[in-house]
Amino acid sequence: MCGRYTLKASAQELIEAFELAHDDGLDLAPDPASERPPVPLGAPPLTWSPRFNIAPTQSLPIIANVPGPRLIRFARWGLVPSWAKDPKIGSRMINARSETVADKPSFRSPFRRQRCLVPADGFYEWQRVGKAKRPMHIGLDGGGLFAMAGLWERWLPRDAPGDAAPEPLHTFTVLTTTPNPLLAPIHDRMPVILPRDAWDLWLSPDDPGRSALQPLLTPYPAEAMATFEVDTLVNSARNDVPACAAPVSRLL
DNA sequence: CCAGACGTTGTT
DNA sequence: GTCTGG
DNA sequence: CCAGACGTTGTT
DNA sequence: GTCTGG
């Protein structure tokens, strides 16, 4: 589940919804684990273009649990474990089951120390109807921004090409849980959505312990969510246009 | 001890 | 790196 | 998640 | 069928 999502919001809306430290545009800081200080105020703002069909392997904004002001960083969707020999493994690590995330070798360490929020305003599920697959858009009732629970990781290439210092690759994964009653007919998993009052604990830079974190990983209330069918235009990750996220009627 | 896996989804 | 299997 | 590729050698 | 790319 959760292999596609939308982030239609503008940079300004992201800054407001996530109470980011900067008010002059998104911070250009693609390295969540960097020792370098964040780009200071006044740096050229990164212009975020609204996205209607976000797919794995793409570089996307996250809010990592690093000390200091709350900033947007960029990471690639599909967590590459630090010990991986080949970063291609990341394309199969786009989700982590919340039920087992504390124990799995790939996720255990990030779960303790490298959590993040993944901003979104919708996600897609393909509902199986007989043989057909019907893409559905799911989001908050009203269409607002929300935070999916994520983990991030830093991976270093084994051997750097030439004498250049190896560039660290930052990646993330989205936690999943069982579906709420609204989503159950559509799919058997859904992303973990963290309510506002869970953000601070999830973004704690240290390890709150699994007994503190696990209770956050529950299905978001169905009453606060809404779904609609969309066109199969969304099937191809090459299509990233507003029509991907527009309601479609099959009564016509 | 060393070797080898390490993940999710969905489908059968 | 860390866990499981043999 | 779905779509699309899935191979090598040698030559330009 | 299975893997890679987006």
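Atom set for the values below is all heavy atoms of this structure, side chains included, hydrogens, waters and symmetry mates excluded.
Ring-plane geometry between Trp77(A) and Phe172(A) is classed as parallel, the angle between the planes falling under 30 degrees on a 0 to 90 degree scale with a further cut at 60.
Consecutive Watson-Crick or G-U pairs involving DNA chain B, each under 3.5 Å on both distances, make up stems of three or more pairs at B:1-6 with C:1-6.
For dT9(B) and dC2(D), the C1' atoms lie 12 Å apart once the distance is rounded to whole Å. dG7(B) and dG4(D): their P atoms are spaced 30 Å apart (whole Å). A gap of 13 Å separates the P atoms of dC6(B) and dC3(E), to the nearest Å. Rounded to whole Å, the C1' atom of dG5(E) lies 25 Å from the corresponding atom of dA5(B).
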Polar-atom pairs under 3.5 Å, protein N or O versus N or O of nucleotides 1-6 of chain B: list them with distances, or write none.
| unit_1 | atom_1 | unit_2 | atom_2 | d |
| --- | --- | --- | --- | --- |
| dC6(B) | O3' | Ser106(A) | OG | 3.4 |

Could you go through nucleotides 4-6 of chain E and list every protein N or O atom that sits under 3.5 Å from one of its N or O atoms, giving the distance for each pair?
| unit_1 | atom_1 | unit_2 | atom_2 | d |
| --- | --- | --- | --- | --- |
| dG6(E) | N7 | Pro56(A) | O | 3.1 |
| dG6(E) | N7 | Thr57(A) | OG1 | 2.9 |
| dG6(E) | N2 | Arg4(A) | NE | 3.2 |
| dG6(E) | N2 | Arg4(A) | NH2 | 2.9 |

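Between dT2(C) and Arg108(A), no contact under 4.0 Å exists linking OP1 or OP2 to a side-chain N or O.
Counting any heavy atom pair closer than 4.0 Å across all strands shown, Thr100(A) reaches sugar-phosphate atoms only and no base atom.
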- Query: Checking side-chain contact (heavy atoms from CB on, under 4.5 Å) for the pair Ile193(A)/Phe123(A): CA distance, chi angles, key distance, verdict?
  - Reply: CA-CA 11 Å; Ile193(A) 295 173; Phe123(A) 57 91; 4.2 Å; yes

- Task: Evaluate the criterion salt bridge (Lys or Arg N to Asp or Glu O under 4.0 Å) for residue pair Arg97(A) and Asp103(A); output intermediate values, then yes/no.
- Result: CA-CA 10 Å; Arg97(A) 294 175 64 89; Asp103(A) 299 309; over 6 Å; no

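Distance Leu79(A) CG to dG1(C) P: 16 Å, rounded to the nearest Å. Distance Trp77(A) CH2 to dT8(B) P: 15 Å, rounded to the nearest Å. What separates CD of Glu153(A) from P of dT2(C) is a distance of 12 Å, to the nearest Å.
With respect to Arg4(A) and Asp240(A), no salt bridge is recorded, no charged nitrogen being found less than 4.0 Å from a carboxylate O.
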